[in-house]
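One structure is given here, and the rest of the page talks about it.
Each residue takes its place number in the sequence, starting with 1. Order of listing sets the numbers, starting from 1, for every ligand and every atom in it.
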Amino acid sequence: MRKLLVAGNWKMHMLNHEAVSLARQLKVRSLGLHRVGLVLFPPFTALTAVAEILNDSDLQLGAQNLHDRRSGAFTGEVSGEMVRSAGGSWVLIGHSERRQFFGDTDAWVNLKVHAALEAGLRPMLCVGESLEERQAGRLQEVLGRQLAEGLKGLTAASATELALAYEPVWAIGTGVVATPEQAQEAHALLRGMVAELLGMDAAQRLSILYGGSVKPDNARLLMGMPDIDGALVGGASLKADDFVAIAQAADGVVK
Ligand code: PEP
């Protein structure tokens, strides 16, 4: 049985005192949830402070991005090793906002996946199509390209630490959520592609999270689908009540 994962992407929100307060609430309120893994992705500036709160808990911590190089003259960037030293064990890679606004290409995403693994971080690779791509019938092509390029050079063994997040761009921050059937279709496609790229065993072990307007009232149905192994939550992860409700929904899903 695969443990579901629920991750909160705090994006560019949360001053340090707010991050600490939210992390404290989540730590206490998630104590009884043993059948779901929880990961928090605060902004870089709050990583250390949140790490101190989560220290003696099961909640995991990650960064929202990393640079592909280990160190150097890259002003404003953060390496995988730095994320590790701040207490992170995960890193989001290829979020659509990075692809859209900060020039993260498939090739760079691939370098970042390798850099994360080399630094001992678990990459959560985000993929997803735009509305235009979906309407043009290009779902399979777009996901296939993002996945094949993003995972280039990985072996089944190196992929054990990887998770995927299917995040249709049209559902992110829009309040428009994919139907469970639409999400399941994309997840099954992705799992099939991973089976071709890395083998059936890796595909079956891989967690594929759905992201895009997940809320307490739609979480259970989405995560009840056979190939949906959890949720990557943006807006609703900023409110303790909502994030805990989504985590509880995941904890209640038995697969
Ligand atoms: C995200 O940005 O990863 C996300 C899923 O955002 P939201 O839940 O706000 O749509």
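Of the protein's non-hydrogen atoms, His95 NE2, 3.2 Å is the one closest to atom 1 (C) of ligand 1. Nearest protein neighbour of atom 2 (O) of ligand 1, counting heavy atoms only, is Lys11 NZ, 2.6 Å.
Of the residues listed (Leu47, Val20, Asn16), the one engaging Pro42 in a side-chain contact (heavy atoms from CB on, under 4.5 Å) is Leu47, and it is the only one. Each of His95, Glu97, Gln64 was checked for a side chain to side chain donor-acceptor pair (under 3.5 Å) with Lys11, and the lone residue meeting it is Glu97.
Residue contacts with ligand 1 do not include Lys215, since none of its heavy atoms lies under 4.0 Å from the ligand. Not close to ligand 1: Ala236, with no non-hydrogen atom less than 4.0 angstrom away. At least one heavy atom of Ala171 sits less than 4.0 Å from an atom of ligand 1.
Nearest heavy atoms, Arg191 versus Leu206: NH1-O, 2.9 Å.
Residue contact check: Gly212 has heavy atoms under 4.0 Å from atoms 5 (C), 10 (O) of ligand 1. Atom numbering of ligand 1 starts at 1 in the shown order; those under 4.0 Å from a heavy atom of Asn9 are 1 (C), 2 (O), 3 (O). Those atoms of ligand 1 with a heavy atom of Gly235 less than 4.0 angstrom away are 7 (P), 8 (O), 9 (O).
Backbone and side-chain nitrogen or oxygen atoms of Ile172 are examined, and none is located within less than 3.5 angstrom of a nitrogen or oxygen of ligand 1. On a distance-only criterion, Gly173 and ligand 1 share at least one N/O pair closer than 3.5 Å.
Both Val214 and Met223 are part of a single hydrophobic cluster, where members link through side-chain heavy atoms under 4.5 Å apart.
Here CG of Asn110 is found 9.5 Å from CD1 of Ile93. Values are rounded to the nearest 0.5 Å.
A tilted orientation is assigned to the rings of Tyr166 and Tyr210, their planes being inclined by 30° to 60°.
Looking at Glu167, Met124, Glu97 and measuring to atom 3 (O) of ligand 1, the nearest heavy atom belongs to Glu167. Scanning Ser213, Ala7, Gly234, Ala231 for the heavy atom closest to atom 4 (C) of ligand 1 points to Gly234.
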Side chain to side chain donor-acceptor pair (under 3.5 Å) evaluation trace for Trp170 with Glu132: CA-CA 9 Å; Trp170 47 272; Glu132 298 72 44; over 6 Å; no

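A salt bridge links Arg29 with Asp241: at least one charged nitrogen is closer than 4.0 Å to a carboxylate oxygen.
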